[in-house]
Structure formats: structure tokens, C-alpha cells
Number of protein chains: 2
Amino acid sequence: MTPLTATKRRRATGRVTLHDVAQAAGVSPITASRALRGERSVATELVERVTAAVAQLGYVPDPAARALASARSNQVVVLIPLLSNGLFVDLLDAAQRTLLAAGYQSLIGVTHYHPEEEEALLRTYLMNRPAGLIVTGFDRTDAARALIEGSGIPCVHVMENRAGPALPSSALHSVGFSQQAAGHAMTAELMRRGYRRIAFAAAQLDPRTLQRVEGYRAALGDAHDPALEFMDAAPSSFALGAALLDRVLAQAPDADAIFFNNDDLAQGALLQALRIGVQVPGRVAVVGFNDLTGGDQMLPPLSTVRTPRGDIGLHAARMLVALMHGEAVPERCVDLGFELVLRESC
Amino acid sequence: MTPLTATKRRRATGRVTLHDVAQAAGVSPITASRALRGERSVATELVERVTAAVAQLGYVPDPAARALASARSNQVVVLIPLLSNGLFVDLLDAAQRTLLAAGYQSLIGVTHYHPEEEEALLRTYLMNRPAGLIVTGFDRTDAARALIEGSGIPCVHVMENRAGPALPSSALHSVGFSQQAAGHAMTAELMRRGYRRIAFAAAQLDPRTLQRVEGYRAALGDAHDPALEFMDAAPSSFALGAALLDRVLAQAPDADAIFFNNDDLAQGALLQALRIGVQVPGRVAVVGFNDLTGGDQMLPPLSTVRTPRGDIGLHAARMLVALMHGEAVPERCVDLGFELVLRESC
DNA sequence: CTGTTAGCGCATTCAG
DNA sequence: CTGAATGCGCTAACAG
């Protein structure tokens, strides 16, 4: 073996390495590395020389080598319950865009609303030493929570907030809105419009749905009647919405309004009402939640609660980027609010 | 410096490495590595010892180190046009599940139907040295094609097939169905039912849409009338479907059927028909494409073409896994067919 | 079937 | 502000 310990020959692989760039720029590899990563402590002229060499040689950094050397990848894990709900797609799309623009790749995991699946995904993805985490809500296994905490990786929670003094772990970051307040606001609006027997029809029964029920109950106060709550753990769908309308009509014929926990349920109910000749809002008013696509095309157009999922994705990604850069984040819990969209179904 | 070149001390980092596992199992690191990766050339007893050590120490492999040493990661890049189309979500979901079960992670990229965006995503994601690629269709920039070819990474194309002797590059793998045949079949069915002035209404105008138009034209033969084609490059939506119905009714009042290029368009048209009091199928028949969710709930229930996107995702992932394992793939181009779903809208 | 040697390409020390 | 040395954790390539 030739004694060229320092002057290592390049392998025959066509790959252009940082070494080559450094050589072409007449600097040391570490300077090239620093220049590329935008560390400020590099002379402007050297940065230019490096940049030129990169362009000339067509250098492409190796994320694996970076991750190995720095113990941190450029990937962000994003965990959502479902891909078949427009809600999460909008969230994801916004988050992914924002992260990509900031130089991060997204590793998307779908939990199907199962904490165990989430935990498994976390275990798998954490191997990659992601730079950041975006997770949905706060409902997870203790093990999952421990994994997140223990990893020391910045994490932003989306769709809900857990603010207030009662918060034990002061390190939680979140971007969302109050599901409870949203449930309350829509119910209050229905009451304001004179509806008295307001039913609540829900599917999936995930934590956020239950928070909306809380808001509904609180708004109703003494007028609340458990017999008007129609909860079904099956996933949300047009067909289930239709079935729930039938169920309400049969079991609570005096209901004058139905607050559906998600727009697809409400849209399905509207279609069913049309089918069986039930007047909306004459016989019964129908309102939904989330303002998913198509609601404005229904007969009658659906009243609903517009939730800011796109903005949530955007803000969460931005907050996470700040955390990953080690910057201070002014607001730990951002409430993006919601908006009542009142069309003709109530 | 102590002369312990060989007997490297472990760093103070809590991380359990393959080294530790090997030591605990009383074998060399490479044997532990081989055992973990399931290489057959390891004695059963040693495999057991290694497995036990892994469990006992809670060893977790480092993907970055693996990728760096082997020049290949365990990630698969999946590129789809859109996340807001149920079609691609189903495809993605099935593919992701299958890949995960086989030990691969998915890197999802959304191209928004822009070849340039696809090329940029490819450039970005290829840095990770993915183990495989799943891309939608065949319509891409030359540069993107070159990137794929040049990378030498196994690639499966989905949603379309380019089979036949005319195929220059014999290395193409694909899983899909004939969009052309599907367009043809539905048109033929409408003709069989006695419709004579069949309009075609399309949005997005991506390559697969255009193939469906071809099928439509071929089925019509001499009866084809360009004035009955209503093409709009805007993205597909309920609202656009409604607008297209209006357009057809206004500009081609003698049209007795409309073949919508996607179900959301068709569903939007059905809603609009209800709104303006147009009888379906009495005044005009309406059919869609893809059999997206909700079609069966429409008034009347929507006739459409069911496309096997879930199966496509599954098969594509399986084929890719085989390719990544270096196995031979019997069929390079798999045609999964389609199915006419005839409900009451025609 | 098992072990030895030698990096993969980069960033983290620490010097200067 | 720049550089030298060192090793991240793992596997490829060869020996035996």
C-alpha cells in the first residue's frame, strides 16, 4: 500500500465529492462545507469560489453522509390520521411545500387514527434522525410521547391547542384552533336562528370530534339532550351521513337542526334529504364542519365551519423551521381561529 | 494519542451500535450485519445469537450509515400529480402500505401536473440515493427521463402502459390500464344504449385525459363531432363540472349524453342539473370516470368507470420490491383493466 | 460460512 | 476566519 494516507486517491466512482469541490476552489474541504451550508464565518470571496466550483463540477451533496456526520437528517416526519380526508391533505400540502422551500424533505406517515400505528411509525421514522416532527393532536400512547420527548427533536402539534396554565410540559408547541369553541360557535348560531332541538351527528369519534361535542353541549346548556347525540365510530362518508340523517329523523323526529361533525357527513345527509324529500332547512336544518370542497355546490348550499388547515400547515412548518434552526419561537401555541360559513342549509 | 487504532473506544454517546451487538453476540460486526439483513450465508445459531443481542440491547440500525456504506437508502420516491384527487390518494395509500411492509419508506412528491416540478423533485430526491422510483405516466421532460435512466434505480410507471413492439426502451416497467380502452368502452356502452350525440367534457387535460378522448373518438367513428368536445385546462372540480354542463347545454343543445373525464366533474354536473331542473338521464345522460367516493350517493346515482388505482399501487409496489431485490419480473407491463359501473345516470 | 481491512462523504471537534 | 485530524455506523471487497 502506498503511504498516501493524507492524499487519498478518489475512487473510480463518478461521484463528485466535497473534496473535489474544495480542490477546485483552492480551499480545504471543511471550508467548502461551511460555505455550502451558509455559515457566516467564511470570507465572501471564498464562498464565491466554492459556489463556482460547485456549479462547474455539478456537485450534489450526499444527505446520508451529512446525516451520519452530523447525526441529523434533512427530513421532517409528518404524521396525519388519514389521507382520504381533504382536511389533512390540505394541511399536508401546505406543510410540505413550506418545508421543501426551507430545504427539508417530508416523511409522511398515516396513522389511520390508531395511536399504536402512530407509535410504530414514530419508531420507524425516528431511526432516520429527522430534523423535526409534525404530529396531529395530543392523543397518543405514553410510549409515543416518550419517544418524542426522548429524541430531543423539535416537534409541532397541529389541529389542536393545549394552552393555558394547566399545561405541565412547558415545551409543547402547537398550531391549531379551538375545536371546542368552533363547536360552540356553530351551535350558538343555530340557537340564535331559533333552532331549539339541535342534534349532533358524528363519525370517527376522534379526540377533536369529541371536543366539538363539548362545545355543542356547552352552548346548549340546560337545553342539552343526550338523546339528540348520534355518535358512530365508523369512518366519515357520504353514505354514513345519509344513514345518520335517517337515524335522527326516526329516533328524534322533533329535531329541527343537525350539526354534522364533518362536511362529508353533512353532504351525504343533504343528498339523502333530497332523495327522501325532506326539506332543508324547512323540515330540518343541516350544518357541517370543515368546509370541504363541494359544500357550496350542494342543494341547498351547505352551512359549515371553515377551518384553517392550510394555514395551520404553513404556520406549523414555519414554526418548526425556526425551532430546527434553534431560533426562539415567540408564541408556543398559535390559535388560527375558524370562521362560520353560513349558506342556505340553516 | 493512545495507539488503540483497532480497539476503538466507543464514544460517550448512548447509541447502541452494530459493534456492541456483535460483541454481545460474540461475533464480528460484519457477521452481525449479515445476520440482521437476512443474508442466507450465516449459521442459524449465530443468527439467533445476534437477534437476541439486538433485542437485549435495543439496537436500532442507522439508515444514514447504511446508505453511506452501501450507496443505497431504504427509501422509495413516489411521484404523483396531485394529492387533492382521491384517485392518487388511493394509489399512494396502497403503495405506501406495501412498501412499508417490505421495509421501505416512501418519499412522496407532488408534481401538480408540471413536468418541470417533477424534474425538480426528481433532482432533489435522487440525492437520497433511493432504492426505487414510482412515477405517474410517461409524460416528462427529457432531463427527467435522463435522470431516471442515468440513476440506474429501478423504476415503475403507474396508471398507464406503454406496451407493444413499438417500445424502444425495453427496460420500462409499468402497472396500469388502458385509458384509451376505458374511454372507448364507456362511449360504446352509451352508443349501445341508444345515445347518439355524446359529448365529452374534460378538465386538467393531462395525458391520460387525452388518451380517454382518443378512445371516445375511436368509439364514435364517423359519428364523432368535434363540436361535442368541451375541454377546459382548469383543474377538475364540482364547480367546473357544473359550468361544463351549462356550456354543453348552451352550445350543443342536441347532446343527449355527456361523458365527463372525472367523477368530480360529473358529480358537479349532476348537482347542477338538479339545480336548474334538467332531467338526468331523461334530458341528458351523465357519466363519469374513476368511480370516486360519493358517486353512488348522487341523484341519480352516477354511472362511471371504476379504475383499479388501489391495485395499481399495490402491484407497482410489489413489482418495485422485486426489482429492488434484483429479482426477475415476469411481466414488465401489467394491465389491470377497468370496470364499467352502470348506475342510473345513463 | 466467517473475519479483516478499508473506506463511504461529510461535519465535528479543536487548533491556529 | 481557516484548516487538520478524526470518526459518524455501517457494509463491500476480498481473504481464509
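Below, read A as the first sequence line, B as the second, and so on, with proteins coming before strands; counting in each chain starts at 1.
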Q.
In whole Å, I'd like the distance from the CD atom of A:Gln23 to the C1' atom of C:dG9.
A. 15 Å
Q: Specify the separation, in whole Å, of atom NE2 of B:His19 and atom P of D:dC8.
A: 10 Å
Q. Got a salt bridge between B:Glu119 and B:Arg123, using NZ or NE/NH1/NH2 to carboxylate O under 4.0 Å?
A. yes
(Q) Tell me the interatomic distance from A:Asn128, atom CG, to D:dG9, atom P, rounded to whole angstroms. (A) 15 Å
Q. Over how many whole Å does the gap from B:Leu57 atom CG to D:dG9 atom P extend?
A. 15 Å
Q. Can you list the residues that meet the side-chain hydrogen bond (donor to acceptor under 3.5 Å, both in side chains) rule with B:Tyr104, with sequence neighbours excluded?
A. B:His325
Q: Not counting sequence neighbours, which residues clear salt bridge (charged side-chain N to carboxylate O under 4.0 Å, His left out) with B:Asp311? List them please.
A: none
Q.
Any residue in residues 27-37 of chain A with a heavy atom nearer than 4.0 angstrom to DNA chain C? Just list them by number, or reply none.
A. A:Ile30, A:Ser33, A:Arg37
Q) Does any pair with a residue in residues 48-72 of chain B pass side-chain hydrogen bond (donor to acceptor under 3.5 Å, both in side chains), and if so which ones, sequence neighbours excluded? A) B:Glu45-B:Arg49
Q: Only counting residues at least two apart or in another chain, list the ones meeting salt bridge (charged side-chain N to carboxylate O under 4.0 Å, His left out) with B:Glu39.
A: B:Arg37
Q) B:Leu18 CG to D:dG7 C1': how many Å, rounded? A) 16 Å
Q: Report the residues that fulfil side-chain hydrogen bond (donor to acceptor under 3.5 Å, both in side chains) with A:Thr31, sequence neighbours left out, ordered by chain and then residue number.
A: A:Ser28
Q) Are the side chains of A:Leu36 and A:Leu18 in touch, meaning some heavy atoms are under 4.5 Å apart? A) yes
Q) Within this structure, what is the CE-to-P distance between A:Met127 and D:dC10, rounded to whole angstrom? A) 11 Å
Q: Return the residues of residues 58-71 of chain A meeting this criterion: a heavy atom under 4.0 Å from some atom of DNA chain D. Order them by number, or give none.
A: A:Leu68, A:Ala69
Q.
Holding to side-chain hydrogen bond (donor to acceptor under 3.5 Å, both in side chains), I want the full list of residues that pass it with A:Glu331, two or more places apart in sequence or in another chain.
A. none
(Q) Contact list please: residues 43-52 of chain A against DNA chain D, heavy atoms, distance less than 4.0 Å, in numerical order. (A) A:Ala43, A:Leu46
Q) Which pairs count as ring pair (Phe, Tyr, Trp, His ring centres under 6.0 Å) when at least one residue sits in residues 117-139 of chain A, sequence neighbours excluded? A) A:Phe138-A:His157
Q. Restricting to pairs with a member in residues 150-160 of chain A, which pass salt bridge (charged side-chain N to carboxylate O under 4.0 Å, His left out), not counting sequence neighbours?
A. A:Glu160-A:Arg162, A:Glu160-A:Arg208
(Q) List the residues meeting side-chain hydrogen bond (donor to acceptor under 3.5 Å, both in side chains) with A:Ser151, not counting sequence neighbours, and say none if there are none. (A) none
